[in-house]
Number of protein chains: 2
Amino acid sequence: MTISGGRAERTVEGGDRHGGRHLDASRDAALRDAALRLLAQIGYDRLTVDAIATSAGAGKATIYRRWSGKAELVVDALLSHKPHLEAPDTGSLRGDLRELALRASAHTGEPLDSSVMVGLASALPRDPDLRAAFEERLVEPHRRVLATVFERAVARGEIAPVANVDLVVSLIPALVLYRLLVQTQEIDPAFIQSIIEGVILPLVLAGPVSLQSTPTH
Amino acid sequence: MTISGGRAERTVEGGDRHGGRHLDASRDAALRDAALRLLAQIGYDRLTVDAIATSAGAGKATIYRRWSGKAELVVDALLSHKPHLEAPDTGSLRGDLRELALRASAHTGEPLDSSVMVGLASALPRDPDLRAAFEERLVEPHRRVLATVFERAVARGEIAPVANVDLVVSLIPALVLYRLLVQTQEIDPAFIQSIIEGVILPLVLAGPVSLQSTPTH
DNA sequence: GTGATACGGAACGGTTCAGTTGCGGAACTA
DNA sequence: TAGTTCCGCAACTGAACCGTTCCGTATCAC
């Protein structure tokens with residue numbers, strides 16, 4: 001049982017085997033891809049190990065030779081998933097945000113981050129490992145990119161320092177998730193445009209809250 | 001088969017039966033309550049008919065005598081669910097929003113709307129009936145209350161007419177859903193307070209976007 | 001070569017769940 | 001009273017899925 005500690009990484013580990021055929025690394029990738037693809041399509045709860053194997057053109061034994069089950073495979077697939085990391089730098093906050101919008105709405109054929117988000121949603125509250133991987137590979141990268149964009153806008157003197165950055169940064173993903181999940185509508189460029197022009201920019205351009213003389217009562 | 005058309009409403013229908021014991025209306029309510037309670041606890045996908053029956057102290061046959069299965073029962077339970085409908089009217093926008101925040105964070109023992117929202121999330125994209133009921137009983141009432149609050153603020157001259165009301169109104173539920181689902185954190189009063197003071201009020205108090213001279217490039 | 005192991009595929013037992021049926025008893029109509 | 005239907009409860013069938021174990025074949029170390 002050469003199971004490594006934290007994460008499930010066995011493939012091409014150069015372990016203590018003495019002979020016989022090696023694990024085929026291409027099978028790892030195919031299975032992880034299939035897992036993410038199906039996850040985005042049907043969601044975590046309805047995802048079955050059989051479907052992943054079939055979709056990858058593999059046998060179930062090939063899966064269980066690598067992972068202990070669906071949960072571990074999906075977590076590993078998420079951790080192997082490399083999203084867009086570089087923050088755009090067009091020279092203006094509006095331009096940067098528009099660039100991010102383009103990325104988010106570009107259907108690249110790859111399993112869309114947002115679809116994976118929706119597919120995982122229901123399982124997150126009850127699986128800490130899943131939630132951690134989700135946080136590390138989907139939420140945090142997006143948060144970092146957005147935070148960078150705002151930092152640069154501040155450095156340019158374009159906007160005043162944002163008081164509650166975490167809250168402002170969560171506005172876009174929150175509205176995207178809400179639209180996908182609750183409103184069951186597409187994320188088209190017009191929608192993201194309206195978020196940028198109608199919420200984000202007014203909020204950060206207005207500067208700190210003026211807190212008018214409205215008595216708090 | 002006295003199945004009515006659109007919605008599943010059979011109980012106390014005074015149908016064409018000629019003798020025998022009547023359907024017990026208290027069983028309807030108990031089963032609907034149990035369905036919503038379990039839905040909020042474990043989510044739609046893991047919800048089982050057996051669990052609903054047991055939780056309500058009923059037999060499965062009692063369920064199938066009324067509904068065709070889990071989907072129809074949950075939809076009916078949602079449609080029977082009556083949420084808070086009255087918009088608060090404290091005299092100020094901030095006061096009204098705070099009042100709404102109090103409601104949202106008050107754990108009344110009844111299945112929380114937000115928990116039901118989370119529990120339904122994964123099933124919404126694939127069940128139109130479920131989505132329609134969800135929209136009618138959870139999303140739209142909250143939207144209407146919020147819209148009313150903003151309308152009154154405009155009528156008082158407290159704020160300028162909000163350009164994109166639908167977007168602004170979806171900010172609170174979107175951020176709440178995001179916090180519950182993605183961040184897996186409680187909806188405490190401080191969180192809602194930060195939404196109100198950090199997002200909503202700055203946004204509507206700032207008035208229409210000034211659209212600074214930043215060139216669109 | 002020889003033995004060990006991975007591969008896709010199929011089959012198997014075990015578990016969970018949906019939906020149905022039968023039981024004894026209760027509640028209703030006629 | 002007699003007949004009908006609901007009630008909780010339990011048992012049952014069939015389907016879906018999990019995880020394991022084979023098979024025949026392919027690929028590796030020695």
Side-chain angles (χ1 to χ4, degrees), chain A residues 1-3 8 10-35 38-39 42-75 123 126-127, chain B residues 1-3 8 10-35 38-39 42-76 123 126-127 130:
Chain A
M1 280 288 228
T2 44
I3 295 184
R10 288 180 197 68
T11 313
V12 201
E13 61 180 355
D16 47 0
R17 277 184 300 90
H18 292 295
R21 186 175 173 176
H22 298 308
L23 281 173
D24 182 352
S26 78
R27 300 293 80 204
D28 291 56
L31 287 166
R32 279 192 276 248
D33 284 355
L38 289 174
L39 178 60
I42 63 178
Y44 185 84
D45 285 326
R46 320 199 93 193
L47 183 64
T48 69
V49 177
D50 288 87
I52 298 173
T54 302
S55 170
K60 273 199 297 179
T62 304
I63 290 183
Y64 285 101
R65 215 170 277 125
R66 291 166 166 76
W67 302 281
S68 68
K70 179 173 78 167
E72 198 176 306
L73 165 55
V74 171
V75 168
R126 64 171 186 273
D127 189 327
Chain B
M1 280 288 226
T2 45
I3 296 184
R10 288 180 196 69
T11 313
V12 201
E13 62 181 355
D16 46 0
R17 279 184 297 89
H18 293 294
R21 184 173 174 177
H22 298 308
L23 280 173
D24 183 352
S26 77
R27 299 294 79 204
D28 291 55
L31 287 166
R32 279 193 276 248
D33 284 354
L38 288 173
L39 178 60
I42 62 178
Y44 185 84
D45 284 326
R46 320 201 97 196
L47 183 63
T48 69
V49 177
D50 288 87
I52 299 173
T54 303
S55 171
K60 272 201 294 181
T62 305
I63 289 183
Y64 285 100
R65 214 170 277 125
R66 290 164 167 77
W67 302 281
S68 68
K70 178 172 80 168
E72 198 176 304
L73 165 54
V74 170
V75 167
D76 188 35
R126 65 172 186 273
D127 189 329
L130 206 55

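Just so it is clear: chains get the letters A, B, ... in the order the sequence lines come, proteins before strands, and each one is counted from 1. Computed over heavy atoms, backbone and side chain alike; hydrogens, waters and symmetry mates excluded.
Under 4.0 angstrom from either OP1 or OP2 of dA29(D) there lies at least one side-chain N or O belonging to His22(A). Dashed line: the shortest gap from a side-chain N or O of Arg65(B) to OP1 or OP2 of dG19(C) is not under 4.0 Å. Dashed line: the shortest gap from a side-chain N or O of Thr48(A) to OP1 or OP2 of dC17(D) is not under 4.0 Å.
A distance-only check finds a donor-acceptor pair linking the side chain of Lys70(B) to the backbone of Tyr44(B) [under 3.5 Å].
Of the candidates dG8(C), dG19(D), dC7(D), the closest approach to any side-chain atom of Ala58(A) belongs to dG8(C). The side chain of Asp50(B) approaches dA18(C) more closely than any other nucleotide in the set dA26(C), dA11(C), dA18(C).
Regarding Arg46(B), its CZ atom lies at a distance of 20 Å from the P atom of dA16(D), rounded to whole Å. Computed from coordinates, the Ile63(A) CD1 to dA10(C) P distance equals 15 Å when rounded to whole Å. Distance CD (Glu72(B)) to P (dA18(C)): 15 Å, rounded to an integer number of Å. When the P atom of dT16(C) is taken as reference, atom CG of Leu47(B) falls 17 Å away, rounded to whole Å. Ile52(B) has its CD1 atom 14 Å from the P atom of dG8(D), to the nearest Å. Rounded to a whole Å, the OH atom of Tyr64(A) is 22 Å from the P atom of dT5(C). Rounded to an integer number of Å, the gap from Lys70(A) NZ to dT20(D) P is 16 Å. What separates CZ of Arg27(B) from C1' of dA27(C) is a distance of 15 Å, to the nearest Å.
Partners of Ser55(B) by side chain to side chain donor-acceptor pair (under 3.5 Å), not counting sequence neighbours, listed by chain and number: Arg37(B).
Asp45(B) and Arg126(B) are joined by a salt bridge, as a carboxylate oxygen and a charged side-chain nitrogen come within less than 4.0 angstrom of each other.
In this structure the side chain of Tyr64(B) reaches within 4.5 angstrom of the side chain of Val49(B), judged on heavy atoms.
Looking at every heavy atom in both residues, Trp67(B) comes nearest to Glu72(B) through CA-OE2, 3.9 Å.
Side-chain atoms of Arg21(B) and base atoms of dC6(D) include a donor and an acceptor less than 3.5 Å apart. Side-chain atoms of Lys60(A) and base atoms of dG19(D) include a donor and an acceptor less than 3.5 Å apart.
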